[in-house]
Amino acid sequence: MKKNTFDYQKWQNERKYFQQEGVKKEELELEPFFNIQEDIKKQILTEGDPSSEVKFIAGVDVAYNEVAQRVVAGLAILDAITLECVETAICEDRICFPYIPGLFSFREIPPILKAFEKLRIQPDLIVCDGQGMAHPKGVGMACHLGIELQIPSIGCAKSRLIGEFEAPGEERGASTPLLFEGQEVGKVVRTQTEVKPVFVSVGHMISLETACQWVLRLSPNYRLPETTRAADHLVNQTMKQLF
DNA sequence: GCGACAG
DNA sequence: ATCTTGTCGC
């Protein structure tokens with residue numbers, strides 16, 4: 001089996017790279033990706049409170065059709081005050097990377113960046129449907145995207161990837177630390193009373209506390225932030241219509 | 001060696 | 001992620 005030498009620039013420019021090479025998940029050389037994650041990790045800023053400047057917030061989500069090998073990445077820009085969707089953007093493309101826990105961002109970021117290019121409004125904050133620093137190497141997709149775009153970002157995942165935690169209180173707003181190797185890498189946050197909590201972690205240029213405040217503010221009526229819900233609806237609707 | 005494992 | 005019916009409730 002020939003080994004693939006990974007070129008990040010090429011990967012970003014030609015998202016069909018792996019598909020063209022016919023690289024299977026099992027024979028994928030992981031070291032190059034770990035090295036990229038190491039570089040990204042050094043750039044992560046875990047402090048910041050952009051709240052006063054936040055006018056627009058981007059929700060990000062991606063839908064897949066494995067059979068057709070197609071992917072739809074979607075962005076929903078919400079007004080930070082009214083939570084109304086003021087702009088959307090999508091990118092429909094071929095799937096370029098397999099799903100591998102820990103390397104999730106390499107699968108989702110290419111089409112997401114394409115969608116960002118189509119945006120008229122530049123958001124002041126990004127909420128991702130996945131982990132930030134609550135990741136085996138501390139570099140979840142929210143970190144990767146935040147670094148790539150140099151925009152404050154939050155990871156808000158529906159389930160756990162790493163770490164241990166105690167269940168938070170049943171009341172909306174309750175939270176407990178998510179611990180990994182002796183460090184607090186995120187928070188388990190109850191966004192709705194007696195509803196399964198979400199996993200919040202820092203992406204880039206924001207503190208964990210501020211990130212949790214935003215997730216709560218963005219989830220007044222449902223378990224997930226309105227940003228994620230809007231983006232989710234957008235990509236599912238688009239994929240459905242596309243078949 | 002045996003599970004666990006964001007979407 | 002996606003495959004999938006009905007059903008309970010506001």
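Since the model is a prediction, treat every value here as computed from it, not as a measurement.
Among the protein residues, A:Ala134 comes within range of no part of the nucleic acid, since none of its heavy atoms lies under 4.0 Å from any strand. Heavy atoms of A:Phe104 sit under 4.0 angstrom from at least one base atom. Note on A:Asp129: only backbone sugar-phosphate atoms sit closer than 4.0 angstrom, heavy atoms only; bases stay farther off. Within the 4.0 angstrom heavy-atom criterion, base atoms lie near A:Gly102.
At whole-Å resolution of the value, CD in A:Gln237 and P in C:dT2 are 13 Å apart. Atom CZ in A:Phe97 sits roughly 16 Å away from atom C1' in C:dA1 (whole-Å rounding). Taking atom CE of A:Met239 as the reference point, atom P of C:dT2 lies 7 Å away to the nearest angstrom. Straight-line distance from the NZ atom of A:Lys240 to the P atom of C:dT4: 14 Å, rounded to whole Å.
Separation of atoms CD (A:Gln213) and CD1 (A:Ile154) is listed at 10.0 Å; rounding is to 0.5 Å.
For the pair A:Ile77 and A:Ile57, the minimum side-chain heavy-atom distance is 4.5 Å or more.
Between A:Asp61 and A:Arg229, none of the side-chain N atoms (NZ, or NE/NH1/NH2) sits under 4.0 Å from a carboxylate O, so this pair counts as no salt bridge. For the pair A:Arg190 and A:Glu171, the salt-bridge criterion is not met [side-chain N within less than 4.0 Å of a carboxylate O]. A salt bridge links A:Glu66 with A:Arg107: the distance from a Lys NZ or Arg NE/NH1/NH2 to an Asp or Glu carboxylate oxygen falls below 4.0 Å.
For A:Tyr64 and A:Glu108, the side-chain atoms include at least one donor-acceptor pair closer than 3.5 Å. Side-chain atoms of A:Asn236 and A:Asp232 form a donor-acceptor pair, as typed in the model, at a separation below 3.5 Å.
With sequence neighbours left out, A:Leu216 forms a side-chain contact (heavy atoms from CB on, under 4.5 Å) with A:Arg172, A:Val189, A:Thr191.
Using a 4.0 Å cut-off, some side-chain N or O of A:Asn236 falls inside it from OP1 or OP2 of C:dT2.
Looking at DNA chain B, no stem turns up: there is no run of 3 or more consecutive Watson-Crick or G-U wobble pairs with key distances under 3.5 Å.
Nucleotides of DNA chain B that come within less than 4.0 Å of any heavy atom of chain A span, from the 5' end to the 3' end, B:dA4 to B:dG7.
Heavy atoms from other residues, nucleotides or ligands lying under 6.0 Å from CD of A:Glu166 number 12 at most.
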